[in-house]
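Worksheet for the structure shown next.
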There are 2 protein chains.
Amino acid sequence: MKLSTKGRYGMKAMLDLAIHSNEGIVSLKSIADRQGISENYLEQLFAALKKSGIVKSTRGAQGGYELGAKPKEISVGAILRALEGSLAPVDCVMENDASKCSRQENCVTRLIWEKIRDGINDVVDSITLDQLIEDYDKMSSKSDFIYYI
Amino acid sequence: MKLSTKGRYGMKAMLDLAIHSNEGIVSLKSIADRQGISENYLEQLFAALKKSGIVKSTRGAQGGYELGAKPKEISVGAILRALEGSLAPVDCVMENDASKCSRQENCVTRLIWEKIRDGINDVVDSITLDQLIEDYDKMSSKSDFIYYI
DNA sequence: TAAATACCAAGTAAATTACTTGGAATTGAT
DNA sequence: ATCAATTCCAAGTAATTTACTTGGTATTTA
(Lines give C-alpha, C1' and ligand atoms only; values in the text may rest on other atoms or scores of the structure.)
Protein backbone atom coordinates (compact mmCIF):
# COMPACT_ATOMS: atom_id res chain seq x y z
CA MET A 1 0.00 0.00 0.00
CA LYS A 2 2.87 2.36 -0.68
CA LEU A 3 2.92 5.16 -3.20
CA SER A 4 5.61 4.75 -5.84
CA THR A 5 8.19 7.40 -6.64
CA LYS A 6 5.82 8.61 -9.34
CA GLY A 7 3.35 9.81 -6.74
CA ARG A 8 5.97 11.03 -4.30
CA TYR A 9 8.23 12.85 -6.73
CA GLY A 10 5.28 14.06 -8.78
CA MET A 11 3.62 15.59 -5.74
CA LYS A 12 6.83 17.34 -4.71
CA ALA A 13 7.36 18.58 -8.24
CA MET A 14 3.80 19.89 -8.51
CA LEU A 15 4.14 21.79 -5.27
CA ASP A 16 7.45 23.19 -6.43
CA LEU A 17 5.82 24.26 -9.69
CA ALA A 18 2.91 25.86 -7.86
CA ILE A 19 5.20 27.79 -5.53
CA HIS A 20 7.38 29.04 -8.37
CA SER A 21 4.61 29.71 -10.84
CA ASN A 22 4.42 33.41 -9.96
CA GLU A 23 7.82 33.68 -11.68
CA GLY A 24 6.27 32.55 -14.97
CA ILE A 25 6.95 29.37 -16.84
CA VAL A 26 9.02 26.84 -14.94
CA SER A 27 11.44 24.45 -16.63
CA LEU A 28 11.77 20.84 -15.59
CA LYS A 29 15.48 21.38 -15.15
CA SER A 30 14.88 23.97 -12.44
CA ILE A 31 12.43 21.66 -10.63
CA ALA A 32 14.83 18.75 -10.98
CA ASP A 33 17.70 20.80 -9.55
CA ARG A 34 15.73 22.18 -6.62
CA GLN A 35 14.12 18.86 -5.70
CA GLY A 36 16.97 16.52 -6.51
CA ILE A 37 15.00 14.43 -8.95
CA SER A 38 16.25 13.16 -12.31
CA GLU A 39 15.10 15.52 -15.05
CA ASN A 40 14.51 12.68 -17.49
CA TYR A 41 12.33 10.90 -14.99
CA LEU A 42 10.38 14.09 -14.33
CA GLU A 43 9.63 14.26 -18.07
CA GLN A 44 7.68 11.05 -17.79
CA LEU A 45 5.75 12.27 -14.79
CA PHE A 46 4.88 15.55 -16.47
CA ALA A 47 3.74 13.75 -19.58
CA ALA A 48 1.11 12.05 -17.42
CA LEU A 49 0.23 15.28 -15.63
CA LYS A 50 -0.17 17.08 -18.93
CA LYS A 51 -2.39 14.34 -20.31
CA SER A 52 -4.71 14.91 -17.36
CA GLY A 53 -4.73 18.68 -17.95
CA ILE A 54 -3.10 19.38 -14.60
CA VAL A 55 -0.21 21.22 -16.24
CA LYS A 56 0.30 22.80 -19.63
CA SER A 57 3.56 23.13 -21.47
CA THR A 58 5.41 25.59 -23.68
CA ARG A 59 8.02 24.14 -25.97
CA GLY A 60 11.35 25.57 -27.07
CA ALA A 61 13.96 27.66 -25.33
CA GLN A 62 12.65 29.44 -22.22
CA GLY A 63 9.78 26.99 -22.36
CA GLY A 64 8.55 24.87 -19.50
CA TYR A 65 5.42 24.12 -17.54
CA GLU A 66 2.68 26.00 -15.74
CA LEU A 67 -0.41 24.93 -13.85
CA GLY A 68 -3.34 23.91 -16.00
CA ALA A 69 -5.84 25.43 -13.58
CA LYS A 70 -5.95 27.62 -10.48
CA PRO A 71 -4.26 26.08 -7.43
CA LYS A 72 -7.65 25.98 -5.75
CA GLU A 73 -8.96 23.77 -8.54
CA ILE A 74 -6.15 21.23 -8.47
CA SER A 75 -6.56 18.54 -5.84
CA VAL A 76 -3.98 16.15 -4.49
CA GLY A 77 -6.30 13.39 -5.66
CA ALA A 78 -6.18 14.54 -9.26
CA ILE A 79 -2.39 14.70 -9.15
CA LEU A 80 -1.94 11.31 -7.54
CA ARG A 81 -4.46 9.62 -9.84
CA ALA A 82 -2.77 11.12 -12.89
CA LEU A 83 0.51 9.62 -11.76
CA GLU A 84 -0.46 6.39 -10.04
CA GLY A 85 -3.76 5.48 -11.65
CA SER A 86 -6.76 4.69 -9.49
CA LEU A 87 -6.07 4.83 -5.77
CA ALA A 88 -8.37 1.85 -5.16
CA PRO A 89 -6.62 -0.72 -2.94
CA VAL A 90 -7.65 -3.61 -5.21
CA ASP A 91 -8.54 -3.72 -8.90
CA CYS A 92 -12.08 -5.02 -8.40
CA VAL A 93 -13.19 -1.68 -6.92
CA MET A 94 -11.51 0.63 -9.40
CA GLU A 95 -13.89 3.49 -10.08
CA ASN A 96 -14.30 3.32 -13.82
CA ASP A 97 -12.83 -0.02 -14.71
CA ALA A 98 -14.47 -3.04 -16.26
CA SER A 99 -12.33 -5.55 -14.37
CA LYS A 100 -15.13 -6.15 -11.94
CA CYS A 101 -15.25 -9.73 -10.86
CA SER A 102 -18.29 -11.93 -11.32
CA ARG A 103 -18.88 -12.07 -7.60
CA GLN A 104 -19.39 -8.34 -7.29
CA GLU A 105 -22.87 -8.44 -5.85
CA ASN A 106 -22.23 -11.06 -3.23
CA CYS A 107 -18.76 -10.32 -2.00
CA VAL A 108 -18.15 -9.31 1.59
CA THR A 109 -14.49 -8.36 1.31
CA ARG A 110 -15.46 -6.07 -1.55
CA LEU A 111 -17.28 -3.94 1.00
CA ILE A 112 -13.99 -3.44 2.82
CA TRP A 113 -12.09 -2.44 -0.30
CA GLU A 114 -14.80 0.04 -1.24
CA LYS A 115 -14.65 1.69 2.15
CA ILE A 116 -10.87 1.99 2.00
CA ARG A 117 -11.09 3.37 -1.53
CA ASP A 118 -13.67 5.95 -0.48
CA GLY A 119 -11.66 6.89 2.59
CA ILE A 120 -8.56 7.56 0.52
CA ASN A 121 -10.47 9.46 -2.17
CA ASP A 122 -12.22 11.63 0.40
CA VAL A 123 -8.91 12.68 1.90
CA VAL A 124 -7.00 13.36 -1.30
CA ASP A 125 -9.86 15.12 -3.06
CA SER A 126 -10.34 17.46 -0.11
CA ILE A 127 -6.77 18.81 -0.26
CA THR A 128 -5.99 21.35 -2.97
CA LEU A 129 -2.75 22.93 -4.10
CA ASP A 130 -3.67 26.31 -2.71
CA GLN A 131 -4.02 24.85 0.78
CA LEU A 132 -0.54 23.40 0.46
CA ILE A 133 0.86 26.72 -0.74
CA GLU A 134 -0.69 28.29 2.33
CA ASP A 135 0.93 25.65 4.54
CA TYR A 136 4.22 26.35 2.83
CA ASP A 137 3.93 30.10 3.35
CA LYS A 138 3.15 29.61 7.02
CA MET A 139 6.17 27.36 7.49
CA SER A 140 8.39 29.79 5.60
CA SER A 141 7.46 32.70 7.80
CA LYS A 142 7.85 30.82 11.05
CA SER A 143 11.10 28.99 10.57
CA ASP A 144 14.64 30.29 10.28
CA PHE A 145 15.62 27.20 8.40
CA ILE A 146 14.96 26.09 4.91
CA TYR A 147 11.37 25.08 4.26
CA TYR A 148 11.34 21.89 2.41
CA ILE A 149 8.81 20.74 -0.07
CA MET B 1 -1.23 2.03 -3.78
CA LYS B 2 -2.48 -1.50 -4.24
CA LEU B 3 -2.71 -4.17 -1.61
CA SER B 4 -0.60 -7.23 -2.37
CA THR B 5 -1.99 -10.75 -2.46
CA LYS B 6 -0.90 -11.03 1.17
CA GLY B 7 -3.53 -8.54 2.21
CA ARG B 8 -6.18 -9.74 -0.21
CA TYR B 9 -5.81 -13.47 0.34
CA GLY B 10 -5.17 -13.00 4.02
CA MET B 11 -8.37 -11.01 4.46
CA LYS B 12 -10.40 -13.61 2.58
CA ALA B 13 -8.82 -16.39 4.60
CA MET B 14 -9.51 -14.63 7.90
CA LEU B 15 -13.14 -14.15 7.01
CA ASP B 16 -13.37 -17.79 5.97
CA LEU B 17 -11.82 -18.79 9.28
CA ALA B 18 -14.20 -16.57 11.23
CA ILE B 19 -17.25 -17.95 9.44
CA HIS B 20 -16.19 -21.56 9.97
CA SER B 21 -14.87 -21.18 13.49
CA ASN B 22 -18.11 -22.38 15.05
CA GLU B 23 -17.18 -25.80 13.66
CA GLY B 24 -14.04 -25.83 15.81
CA ILE B 25 -10.47 -25.72 14.66
CA VAL B 26 -10.04 -24.99 10.95
CA SER B 27 -7.19 -26.42 8.87
CA LEU B 28 -5.36 -24.38 6.28
CA LYS B 29 -6.14 -27.05 3.74
CA SER B 30 -9.85 -26.48 4.13
CA ILE B 31 -9.46 -22.72 3.77
CA ALA B 32 -7.17 -23.18 0.79
CA ASP B 33 -9.69 -25.49 -0.88
CA ARG B 34 -12.69 -23.25 -0.27
CA GLN B 35 -10.94 -20.05 -1.29
CA GLY B 36 -8.75 -21.34 -4.08
CA ILE B 37 -5.50 -20.18 -2.53
CA SER B 38 -2.27 -22.17 -2.37
CA GLU B 39 -2.02 -23.89 0.99
CA ASN B 40 1.71 -23.35 1.17
CA TYR B 41 1.27 -19.66 0.56
CA LEU B 42 -1.42 -19.47 3.23
CA GLU B 43 1.08 -20.92 5.69
CA GLN B 44 3.23 -17.84 5.29
CA LEU B 45 0.29 -15.54 5.79
CA PHE B 46 -0.86 -17.35 8.89
CA ALA B 47 2.64 -17.26 10.34
CA ALA B 48 2.38 -13.48 10.24
CA LEU B 49 -1.16 -13.51 11.62
CA LYS B 50 -0.11 -15.77 14.45
CA LYS B 51 2.84 -13.57 15.31
CA SER B 52 0.40 -10.69 15.76
CA GLY B 53 -1.88 -12.79 17.98
CA ILE B 54 -4.75 -12.57 15.52
CA VAL B 55 -4.96 -16.35 15.24
CA LYS B 56 -3.73 -19.22 17.37
CA SER B 57 -2.71 -22.63 16.16
CA THR B 58 -2.95 -26.27 17.19
CA ARG B 59 -0.34 -28.58 15.73
CA GLY B 60 -0.62 -32.16 14.64
CA ALA B 61 -3.41 -34.18 13.05
CA GLN B 62 -6.84 -32.55 13.34
CA GLY B 63 -4.95 -29.38 14.14
CA GLY B 64 -5.44 -26.02 12.54
CA TYR B 65 -6.22 -22.44 13.40
CA GLU B 66 -8.77 -20.49 15.37
CA LEU B 67 -9.28 -16.80 16.06
CA GLY B 68 -6.98 -15.33 18.68
CA ALA B 69 -9.72 -13.05 20.02
CA LYS B 70 -13.45 -12.44 19.65
CA PRO B 71 -14.53 -11.34 16.17
CA LYS B 72 -15.57 -8.02 17.67
CA GLU B 73 -12.03 -7.45 18.85
CA ILE B 74 -10.31 -8.19 15.55
CA SER B 75 -10.21 -5.25 13.17
CA VAL B 76 -9.52 -5.24 9.46
CA GLY B 77 -6.69 -2.84 10.27
CA ALA B 78 -4.99 -5.33 12.57
CA ILE B 79 -5.25 -8.05 9.93
CA LEU B 80 -3.95 -5.89 7.10
CA ARG B 81 -1.11 -4.47 9.15
CA ALA B 82 -0.06 -7.95 10.26
CA LEU B 83 0.16 -8.98 6.61
CA GLU B 84 1.27 -5.84 4.81
CA GLY B 85 3.11 -3.88 7.46
CA SER B 86 2.21 -0.26 8.08
CA LEU B 87 -0.51 1.08 5.82
CA ALA B 88 1.21 4.48 5.61
CA PRO B 89 1.46 5.60 1.97
CA VAL B 90 5.13 6.58 2.36
CA ASP B 91 7.81 5.39 4.77
CA CYS B 92 8.45 8.79 6.33
CA VAL B 93 5.06 8.72 8.07
CA MET B 94 5.13 5.14 9.30
CA GLU B 95 3.60 5.12 12.78
CA ASN B 96 6.35 3.57 14.85
CA ASP B 97 9.33 3.71 12.59
CA ALA B 98 12.57 5.55 12.98
CA SER B 99 13.03 6.21 9.27
CA LYS B 100 11.78 9.75 9.68
CA CYS B 101 13.59 12.08 7.38
CA SER B 102 15.54 15.08 8.61
CA ARG B 103 13.01 17.46 7.12
CA GLN B 104 10.17 16.17 9.23
CA GLU B 105 9.30 19.42 10.90
CA ASN B 106 9.29 21.56 7.80
CA CYS B 107 7.84 19.37 5.12
CA VAL B 108 4.59 20.27 3.40
CA THR B 109 4.04 17.05 1.48
CA ARG B 110 4.45 15.20 4.75
CA LEU B 111 1.16 16.76 5.84
CA ILE B 112 -0.53 15.09 2.87
CA TRP B 113 0.92 11.68 3.61
CA GLU B 114 -0.13 11.94 7.25
CA LYS B 115 -3.69 12.74 6.28
CA ILE B 116 -3.86 9.82 3.86
CA ARG B 117 -2.37 7.51 6.48
CA ASP B 118 -4.88 8.65 9.09
CA GLY B 119 -7.76 8.31 6.62
CA ILE B 120 -6.83 4.73 5.81
CA ASN B 121 -6.27 3.82 9.46
CA ASP B 122 -9.60 5.31 10.52
CA VAL B 123 -11.44 3.19 7.97
CA VAL B 124 -9.71 -0.11 8.57
CA ASP B 125 -9.68 0.18 12.34
CA SER B 126 -13.40 0.87 12.41
CA ILE B 127 -14.33 -2.39 10.66
CA THR B 128 -14.25 -5.55 12.75
CA LEU B 129 -14.63 -9.20 11.84
CA ASP B 130 -18.02 -9.48 13.53
CA GLN B 131 -19.41 -6.75 11.27
CA LEU B 132 -18.21 -8.69 8.26
CA ILE B 133 -19.76 -11.90 9.55
CA GLU B 134 -23.01 -9.99 9.90
CA ASP B 135 -22.71 -8.75 6.32
CA TYR B 136 -22.07 -12.30 5.22
CA ASP B 137 -25.10 -13.64 7.05
CA LYS B 138 -27.30 -10.97 5.52
CA MET B 139 -26.07 -11.80 2.04
CA SER B 140 -26.51 -15.51 2.63
CA SER B 141 -30.12 -15.14 3.67
CA LYS B 142 -31.05 -12.83 0.80
CA SER B 143 -29.43 -14.50 -2.17
CA ASP B 144 -30.23 -17.79 -3.85
CA PHE B 145 -26.72 -17.97 -5.15
CA ILE B 146 -23.49 -18.79 -3.49
CA TYR B 147 -22.26 -16.09 -1.13
CA TYR B 148 -18.70 -15.45 -1.85
CA ILE B 149 -16.15 -14.35 0.64
C1' DT C 1 22.34 29.21 -36.19
C1' DA C 2 22.91 27.59 -31.64
C1' DA C 3 21.22 26.71 -27.28
C1' DA C 4 17.49 25.45 -24.49
C1' DT C 5 13.82 23.27 -23.89
C1' DA C 6 9.71 19.84 -24.45
C1' DC C 7 8.57 15.39 -26.41
C1' DC C 8 9.08 10.39 -27.39
C1' DA C 9 10.28 5.32 -27.39
C1' DA C 10 12.92 1.86 -25.87
C1' DG C 11 16.13 -0.42 -22.92
C1' DT C 12 17.72 -2.14 -18.32
C1' DA C 13 19.25 -3.19 -13.53
C1' DA C 14 17.38 -3.81 -9.14
C1' DA C 15 13.79 -4.82 -6.22
C1' DT C 16 9.59 -6.92 -5.11
C1' DT C 17 5.95 -10.19 -5.48
C1' DA C 18 3.92 -14.41 -5.52
C1' DC C 19 4.56 -18.10 -5.09
C1' DT C 20 7.04 -23.30 -4.91
C1' DT C 21 10.04 -26.81 -2.90
C1' DG C 22 11.55 -29.74 0.44
C1' DG C 23 11.73 -30.69 4.35
C1' DA C 24 11.30 -31.24 10.11
C1' DA C 25 8.29 -31.38 14.25
C1' DT C 26 3.99 -32.50 16.43
C1' DT C 27 -0.18 -34.87 17.36
C1' DG C 28 -4.44 -37.80 17.02
C1' DA C 29 -6.29 -42.00 15.27
C1' DT C 30 -5.70 -46.86 14.34
C1' DA D 1 4.03 -48.21 17.50
C1' DT D 2 2.91 -46.39 13.29
C1' DC D 3 0.85 -43.54 10.01
C1' DA D 4 -1.45 -39.75 8.30
C1' DA D 5 -2.54 -35.07 8.95
C1' DT D 6 -1.22 -31.17 10.17
C1' DT D 7 1.72 -26.87 11.62
C1' DC D 8 6.20 -24.92 11.20
C1' DC D 9 10.42 -23.38 8.81
C1' DA D 10 14.02 -21.83 5.39
C1' DA D 11 15.32 -21.34 0.82
C1' DG D 12 14.82 -20.98 -3.93
C1' DT D 13 12.82 -18.92 -8.19
C1' DA D 14 10.16 -17.06 -12.12
C1' DA D 15 7.56 -13.20 -13.33
C1' DT D 16 6.45 -8.63 -12.73
C1' DT D 17 7.11 -4.03 -11.48
C1' DT D 18 9.80 -0.06 -10.41
C1' DA D 19 12.85 3.43 -11.14
C1' DC D 20 15.16 4.97 -13.69
C1' DT D 21 18.67 5.77 -18.20
C1' DT D 22 19.70 6.30 -23.04
C1' DG D 23 19.41 8.28 -27.24
C1' DG D 24 17.25 10.54 -29.81
C1' DT D 25 13.55 14.29 -32.47
C1' DA D 26 10.84 18.65 -32.61
C1' DT D 27 10.24 23.38 -31.40
C1' DT D 28 11.30 27.96 -30.05
C1' DT D 29 13.97 32.02 -28.51
C1' DA D 30 18.15 34.77 -28.50
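Here is the naming used below: chain letters follow the sequence lines, and residue numbers restart at 1 for every chain. All values derive from a computational prediction rather than experimental measurement.
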Specify the separation, in whole Å, of atom [atom1] of [X] and atom [atom2] of [N].
| X | N | atom1 | atom2 | answer |
| --- | --- | --- | --- | --- |
| A/E43 | D/dA26 | CD | P | 15 Å |
| A/E84 | D/dT17 | CD | C1' | 12 Å |
| A/N40 | D/dG24 | CG | P | 14 Å |
| B/I25 | C/dT26 | CD1 | C1' | 13 Å |
| A/F46 | C/dT5 | CZ | P | 15 Å |
| A/E39 | C/dC8 | CD | C1' | 15 Å |
| A/L45 | D/dT18 | CG | P | 13 Å |

- request: Answer with base, sugar-phosphate or nothing: what part of the nucleic acid does B/K50 contact at a heavy-atom distance below 4.0 Å?
  value: sugar-phosphate

- prompt: Are any of the side-chain nitrogens in B/D125 or B/R81 under 4.0 Å away from the carboxylate oxygens of its partner?
  reply: yes

- prompt: side chain to side chain donor-acceptor pair (under 3.5 Å) with B/K72: which residues, sequence neighbours excluded?
  reply: none

statement: Taken in chain and number order and not counting sequence neighbours, the residues that satisfy side chain to side chain donor-acceptor pair (under 3.5 Å) with B/D33 are B/K29

Could you give the side-chain donor-acceptor pairs of residues 40-52 of chain B under 3.5 Å, partners two or more places apart or in another chain?
{"unit_1": "B/Y41", "atom_1": "OH", "unit_2": "B/T5", "atom_2": "OG1", "d": "3.0"}
{"unit_1": "B/K50", "atom_1": "NZ", "unit_2": "B/S57", "atom_2": "OG", "d": "3.0"}
{"unit_1": "B/S52", "atom_1": "OG", "unit_2": "B/A48", "atom_2": "O", "d": "3.4"}

- prompt: Does a side chain donor of either B/S4 or B/E84 reach within less than 3.5 Å of an acceptor in the other side chain?
  reply: yes

message: For a side-chain hydrogen bond (donor to acceptor under 3.5 Å, both in side chains) check, start with the C-alpha distance between B/E95 and B/S86, then their side-chain angles and the critical distance, and finish with the verdict.
response: CA-CA 7 Å; B/E95 294 83 351; B/S86 166; 2.7 Å; yes

message: Less than 4.0 angstrom between a side-chain N/O of A/K56 and OP1 or OP2 of C/dA6, yes or no?
response: no

message: Counting only side-chain nitrogens and oxygens, does A/K29 get under 4.0 Å of the OP1 or OP2 atom of C/dA6?
response: no

field: Nucleic acid contacts of residues 12-20 of chain A, taken as heavy-atom distances under 4.0 Å to DNA chain C
entry: none

task: Check DNA chain C against residues 58-69 of chain A and give the residues with a non-hydrogen atom under 4.0 Å, in numerical order.
output: A/T58, A/R59, A/G60, A/A61, A/G63, A/G64, A/Y65

- request: Would you mind building the protein contact string for nucleotides 14-19 of chain C? One character per nucleotide, 5' to 3', B for base within reach (heavy atoms under 4.0 Å), S for sugar-phosphate only, - for untouched.
  value: ----SB

message: Same cluster or not: B/I25 versus B/L17, using hydrophobic residues (I, L, V, M, F, W, Y) connected whenever any side-chain heavy atoms lie under 4.5 Å apart?
response: no

